[in-house]
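Shown next, in structure tokens, is the structure this report addresses.
First the proteins, then the strands, lettered A, B, ... as listed; each starts at 1.
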Amino acid sequence: MLDVKWIRENSAEFDAKLKMRGLEPLSPKVLEIDDERRAHLAALQEAQAKRNAASKEIGKAKASGDEAAAQAAIDEVAKIKSFIQSGEDTEREINQRLEALLSTIPNLPHDDVPVGADEDANELVRTVGEVPSFEFEPKEHFEIGESLGLMDFEVAAKMSGSRFVLLSGALARLERALTQFMLDLQTGEHGYTEVSPPMLVKDNALYGTGQLPKFEEDLFKTTTEHYLIPTAEVPLTNIVADCTIEESYLPRRYTAFTPCFRSEAGSAGRDTRGMIRQHQFLKVEMVSITSPEQSEAELERMTGCAEEVLKRLGLSYRVMKLCTGDMGFGARRTYDIEVWLPGQNCYREISSCSVCGDFQARRMNARYRPEGAKHLKFVHTLNGSGLAVGRTLVAVLENYQQADGSVIIPEVLRPYVGGKERIAPLNA
RNA sequence: GGAGAGGUGGCCGAGUGGUUUAAGGCGGCGGUCUUGAAAACCGUUGAGCGUUUGCGCGUUCCGGGGGUUCGAAUCCCUCCCUCUCCGCCA
């Protein structure tokens, strides 16, 4: 959510940044409602002041037994009563109209974000590691998994339909190992506090992080009006909803390992094979709550925390700065980390780290008390995957596959799989 | 799921229609006193919005939302949350 006052005072910049996102100017629409609201509020408050003064007089008159004076004042106030009554309704109506508009306006991009319509305009920040070469034709992860007999899409489809997978044996264990490894790294070395959050949330939590009201079709909803979280960003960021935090407590850094649920509405036909795009996947998420001064540096730090997972797994990747057209609704700047997948012969997104400024904080009313300052300010929020576990599993399988169909387990994961070094086909 | 009790400022806690502008206490901040500190005493202490160059003024906020009334923390409706007991349950 953007600040109306800011839009009022910087309408040209507001429209220019919307244009960077490929949107039409909205300041006329916003300011029209804002003007209407302020004009109405002034009139309403004047009437309320009059009423309050009269009511006080009535109280005094009654206390002193002067019924005639009391009645006269009551008659006087009765005239403005209907205006106050309808005026309060009007105020609500205008506020709702303004909020309905503001809540669907995306965050404004930073000046350094490249302008573009889609991922082709994303900017390469750095490439890390060599693209591995194979002496055989590398397979895609689902071929590897299925021939190992440990990855089954048909069994999953039988009970759940498309876009689900069932892992078993060493692959299920490998997935668990990845989560443990990631959590240990982010909590033990990067200072994130581990959280085990609710995975069903109410609509206001999703409003706070920006998934609602605009993107409801991407979510799963229960019969109890709960939503399944599409990412742990939702419960982790909402920890500070409606809170006032002392500046000395910032930054807060949270991490959680959770399943994520996405309906993938509108992505029919994309990544239909394999584990890349599922309705349900595991993810280790990082969220930082910072002061405005810290948030820029925190994005670099968080991206580094995600990259470290790939470095230790020995996987090659590149970091992309997303262009305006590819950035999410709440982001001011986003780095995507793309891991090299030999089977697909391309880089695929495995993490996305975003700084949201005060956009989410405003929606969820998360503030802090700046030291020495008089007024409360909104915190800044950041979120990033550290990493998407399913896609990391895919990357390990494709990058560590051997000619005989087996898969070497990266060294850092071996403590988590009982020392096992290789996953071999069952019949081998 | 059934029955009951609650939700008031940073915290505790009073307040059942009108000098409540939310008592009192704790904590915080400032001051007096003191070599310094403590104690004691005095003062001060929330958020949002509108308006204003500024000082300020106005308005809203007692879990959320709505209603009754000239006037609501207080009465009514509704939703949320917490606690206690019972039932069911990993």
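Around atom NZ of A/K321, more than 12 heavy atoms belonging to other residues, nucleotides or ligands sit under 6.0 Å away.
B/G17 sits 28 Å from B/C49 when the C1' atoms are compared, rounded to a whole Å. Taking atom P on both nucleotides, B/G9 is separated from B/G4 by 27 Å, rounded to a whole Å. Distance noted for atom C1' between B/A40 and B/C33: 9 Å (whole Å). Taking the P atom of each, B/G7 and B/C12 are spaced 12 Å apart, rounded to whole Å. A gap of 13 Å separates the P atoms of B/G10 and B/G64, to the nearest Å. Separation of the C1' atoms belonging to B/G71 and B/U59 is 16 Å when rounded to the nearest angstrom. Distance check on atom C1': B/C29 versus B/C83 gives 35 Å, rounded to whole Å. Going from the P atom of B/A37 to that of B/G30 covers 12 Å, rounded to whole Å.
Nucleic acid contact for A/N52: sugar-phosphate only, since backbone atoms but no base atoms lie under 4.0 Å from a heavy atom of the residue. Looking at heavy-atom distances under 4.0 Å, A/A54 makes no contact with the nucleic acid at all. When heavy atoms are screened at a 4.0 angstrom cut-off, A/R8 is found touching the sugar-phosphate backbone but no base atom. Residue contacts for A/L41: at a heavy-atom cut-off of 4.0 Å it reaches the sugar-phosphate backbone alone, with no base atom in range. When heavy atoms are screened at a 4.0 angstrom cut-off, A/E88 is found touching no nucleic acid atom at all. No contact: A/K50 has no heavy atom under 4.0 Å from any strand. The residue A/L376 sits close only to the backbone: its heavy atoms come under 4.0 Å of sugar-phosphate atoms, none of a base.
Rounded to an integer number of Å, the gap from A/Q45 CD to B/G48 P is 16 Å. To the nearest angstrom, C1' of B/G17 lies 16 Å from NZ of A/K56. Nucleotide B/U60 holds its P atom 15 Å from the CG atom of A/D89, rounded to whole Å. To the nearest angstrom, C1' of B/C49 lies 7 Å from CZ of A/R37. In this structure, NZ of A/K81 is placed 6 Å from P of B/U68, rounded to the nearest angstrom. Per the geometry, CD belonging to A/E246 stands 11 Å off P belonging to B/G10, to the nearest Å. Counting to the nearest Å, the C1' atom of B/G50 and the CG atom of A/L44 are 11 Å from each other. As a whole-Å value, the separation of A/E57 CD from B/U19 P is 13 Å.
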Going through the checks in order, is the side chain to side chain contact (heavy atoms under 4.5 Å, CB included) test met by A/M1 and A/Y207? CA-CA 10 Å; A/M1 181 91 77; A/Y207 179 85; 2.9 Å; yes

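Contact annotation: A/Q85 side-chain N/O to B/U68 OP1/OP2 distance is under 4.0 Å. Proximity of A/R367 to the phosphate of B/G48: a side-chain N or O atom is located under 4.0 Å from OP1 or OP2. A close approach under 4.0 Å does occur between a side-chain nitrogen or oxygen of A/R38 and OP1 or OP2 of B/U51. Between A/R92 and B/G67, a side-chain N or O to OP1/OP2 separation shorter than 4.0 Å is present.
Remark: A/E88 does not engage A/R92 in a salt bridge, criterion side-chain N to carboxylate O under 4.0 Å. In summary, A/E46 and A/K50 do not engage in a salt bridge, as defined by a charged side-chain N under 4.0 Å from a carboxylate O. Comment: A/E264 does not engage A/R270 in a salt bridge, judged by the lack of any side-chain N to carboxylate O separation of less than 4.0 angstrom.
Comparing A/V77 and A/G59, the nucleotide of RNA chain B nearest to each residue sits closer to the 5' end for A/G59. Taking the nucleotide of RNA chain B with the nearest heavy atom to each of A/E46 and A/I74, the more 5' of the two is matched to A/E46.
Across the strands present, B/C29 finds its partner in B/G43; the criterion is a Watson-Crick or G-U wobble pair with both atom distances under 3.5 angstrom. Judged by Watson-Crick or G-U wobble contacts below 3.5 Å, the nucleotide B/A72 has no partner.
No hydrogens or angles considered: nothing links the side chains of A/N383 and A/S354 as a donor-acceptor pair under 3.5 Å.
Separation of the A/F359 and A/F329 ring centroids falls under the 6.0 Å cut-off.
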